[in-house]
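Report on one structure; see the data block that follows.
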Protein chains: 2
Amino acid sequence: MHLRQLRSLVALVDHGFSVSRAAEYLHLVQPAVSQHLRSLESTLGTPLFQRHGKRLVGLTDAGAQVLRHARSMLAEAASIVAVGRDHVEEARGVLRMGTTHTQARYVLPSVVQQFCTAYPEVEVQIHQGTPAELVEMALADRVDLAICTEAIGEHPALLTLPCYRWNRSLIATPGHPVLHRRPISLGVLCEYPLITYVAGFTGRTSLSQTFAKVGLHPKVVLSAADADVIKTYVRAGMGVGIIADLAFEEDLDADLERRSISHLFPWEVTRLAYPKNKYVRRFQQRFIELFQQQANRIG
Amino acid sequence: MHLRQLRSLVALVDHGFSVSRAAEYLHLVQPAVSQHLRSLESTLGTPLFQRHGKRLVGLTDAGAQVLRHARSMLAEAASIVAVGRDHVEEARGVLRMGTTHTQARYVLPSVVQQFCTAYPEVEVQIHQGTPAELVEMALADRVDLAICTEAIGEHPALLTLPCYRWNRSLIATPGHPVLHRRPISLGVLCEYPLITYVAGFTGRTSLSQTFAKVGLHPKVVLSAADADVIKTYVRAGMGVGIIADLAFEEDLDADLERRSISHLFPWEVTRLAYPKNKYVRRFQQRFIELFQQQANRIG
DNA sequence: CGTTCTTACGTGTGTCGTAACGATC
DNA sequence: GATCGTTACGACACACGTAAGAACG
């Protein structure tokens, strides 16, 4: 069995079972890939593909199992070359992080700035996505690490590091009646049109659950993936905003009033995750440390 | 990077950094292995070995990291060929289990018998060892599955299935004074010389802890790895035995008296474990099912 | 002086690319 | 007939084994 054969297998599956496209992706010609696949089948002694005539259209049972192990082997192989690179050019390479808007906009800037100063030769990429997408990106090795609050919880193939906890603030235009209410309760919040994060982002799931648990139904008139958008609509007078504490910037948001409402909702934990078994390069480790330092300042 | 190179790396480490012995193990000549190692180093671009002159004597930092990933790649490779074999000759192969004496002697016989009838073409190997050794054997792929009570708990690379719970019985020669004591307490047990399992075997650890927790120090005059030996010395009048319930055989042990003492000690859980990510062949799965059925009859 | 690894070289296997053929939509 | 995969063949590379040489104890 050769790694090349496994690469062809994986490429085939990842390119809709088109041998030609797989070959193109691998910078090979079709016959080469065909041969890889056939010789893989013959060394294993069992068919791996479902065929319609000559065309490959799917995996057999055996093929699917082989695929799983093949992916994991190739990931290990990638880790090995990463070890090499790490010792050859310690401070050169790419750091691909996946994160949500909230992190990218309010938490990461100072960390990234520090990091880029320390490692000017490292290309930093920030990929955005929903938490669910981020998990998938990390597992498919499209990013090196994922940072987010939801969905990242307990995937068995991910190593997750809790970084900091946060809660929510209410924001409103000065003079808004909600600002005179004491104490602010879940019930009070339900009296006003609310603007907050969309489902799946930045703790929205547990926010909704908190209301649901006591049988309340807040009037969320608008939801957005990020606090900037939420603030904009709050400024426009469309309602009361609920955003993460750390998304409120004293200087830039001086035209908005803010009240902490941490007593109403569970604390959220933002986590950093990367695939177990994956080799984390030193500068990537360094980034993680920087992020955790920043996190300590927040939490 | 080639799998052959990784095999050479692993063989080298597993054979005391002797290239010749590694080559012999791999059915290759030395120069071939030397070349594997050198070309691996050169493709990774960084030294993997500590050298004394020409002699390889250890791994560098990078080498150690590469080794870890290499082992795991080769394990995956083995899984892939196992998938193949499983589809080619479903009912032929080897089932290597590692277990302790207690399991091998009192629990497994009926399971193994059933299994051998169902799969006459499968060679069943029973390797014995201490629980700690068994865990290591499973991780090093020297056995396919490990069955034991201690130490198997929470190794992150092992998948463990709880199978049945058990507790202990006291055994003594007929007429022994302990048999007239009611109720039997931990204190009562401390009045007599005890014979039980050695540390690390068959729940001995938690047995000792139970005594220690209430400040008692039982007089263990003799300890053995298995119940057969314990019974022998009980018969010889050396003391009172404490063994697993299931190690008492009504017919063969009719010359001994038995009292359940499950109320004194925590219940133990016997588990079956194998490395995560490892492909488990169908007949191995079948064995696991048979074992669990047997386990249900016990627990 | 034996052991151990390296270097040098020849041979055979195998992998890839080109090119022509066959099938399927 | 255009696309897609297979078969056939040749060139090149490479990995292994043999044999001889160098360092180490």
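Chain identifiers are assigned alphabetically (A, B, ...) following the order of the sequence lines, protein sequences preceding nucleic acid strands; residue numbering begins at 1 within each chain.
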## Note on the structure
note: A/F49, atom CZ; D/dG5, atom P; distance rounded to Å ~ 12 Å
### Message
Check the phosphate of D/dC4 against A/S18, side-chain N and O only, distance under 4.0 Å to OP1 or OP2. Yes or no?
### Response
no
### Message
Per the salt bridge (Lys or Arg N to Asp or Glu O under 4.0 Å) rule, what does the pair list look like for residues 11-20 of chain A, sequence neighbours excluded?
### Response
A/D14-A/R71
### Query
Which of the following nucleotides, D/dC24, D/dT6, D/dA22, is nearest to the side chain of B/R55?
D/dC24
### Query
Which atoms form the tightest heavy-atom contact between B/T160 and B/A273, and what is the distance?
CG2-CB, 3.7 Å
### Query
Are the aromatic ring centres of B/F287 and B/F283 under 6.0 angstrom apart?
no
### Task
Using whole Å, report how far NE2 of A/H52 lies from C1' of C/dG22.
19 Å
### Message
If you define the side chain from C-beta out and look only at heavy atoms, does anything of B/R271 sit under 4.5 Å from B/C163?
### Response
no
## Note on the structure
Between NZ of B/K54 and P of D/dA23 the distance, given in whole Å, is 6 Å
### Query
What distance do A/T130 atom OG1 and A/E133 atom CD have between them, rounded to the nearest 0.5 Å?
3.5 Å
### Task
Provide the closest heavy-atom pair for A/L3 versus B/M73 in the form atom of the first, atom of the second, distance.
CD2-CE, 3.7 Å
### Query
Would you call the rings of A/H69 and B/Y279 parallel, tilted or perpendicular, where under 30° means parallel and over 60° means perpendicular?
perpendicular
### Summary
Between CZ of B/R38 and P of D/dC14 the distance, given in whole Å, is 15 Å
### Message
Between P on C/dC5 and CG on B/L12, what's the gap in Å once rounded to a whole number?
### Response
8 Å
#### Entry: nucleotides 12-18 of chain C: protein proximity per nucleotide (B base, S sugar-phosphate only, - neither; heavy atom, under 4.0 Å)
---SSBB
### Query
Given atom CZ of A/R51 and atom C1' of C/dG22, what is their separation to the nearest angstrom?
16 Å
### Query
Rounded to the nearest 0.5 Å, how far apart are CZ of B/R204 and OG1 of B/T149?
15.0 Å
### Query
Hey, is the side chain of B/S34 poking within less than 4.0 Å of OP1 or OP2 on C/dC5, counting only N and O atoms?
no
### Task
Examine C/dT3: is either OP1 or OP2 under 4.0 Å from a nitrogen or oxygen in the side chain of B/S20? Give yes or no.
no
### Query
Rounding to a whole Å, what distance do you find between B/L26:CG and D/dC16:P?
10 Å
### Query
Does any donor atom in the side chain of B/H101 or B/Q103 lie under 3.5 Å from an acceptor atom in the other side chain?
no
### Query
Rounded to whole angstroms, how far apart are CG on B/L56 and C1' on D/dA23?
14 Å
### Query
Between the two end axes of the helix from C/dC1-D/dG25 to C/dC25-D/dG1, each built from 5 base pairs, what angle do you get to the nearest 10°?
30°
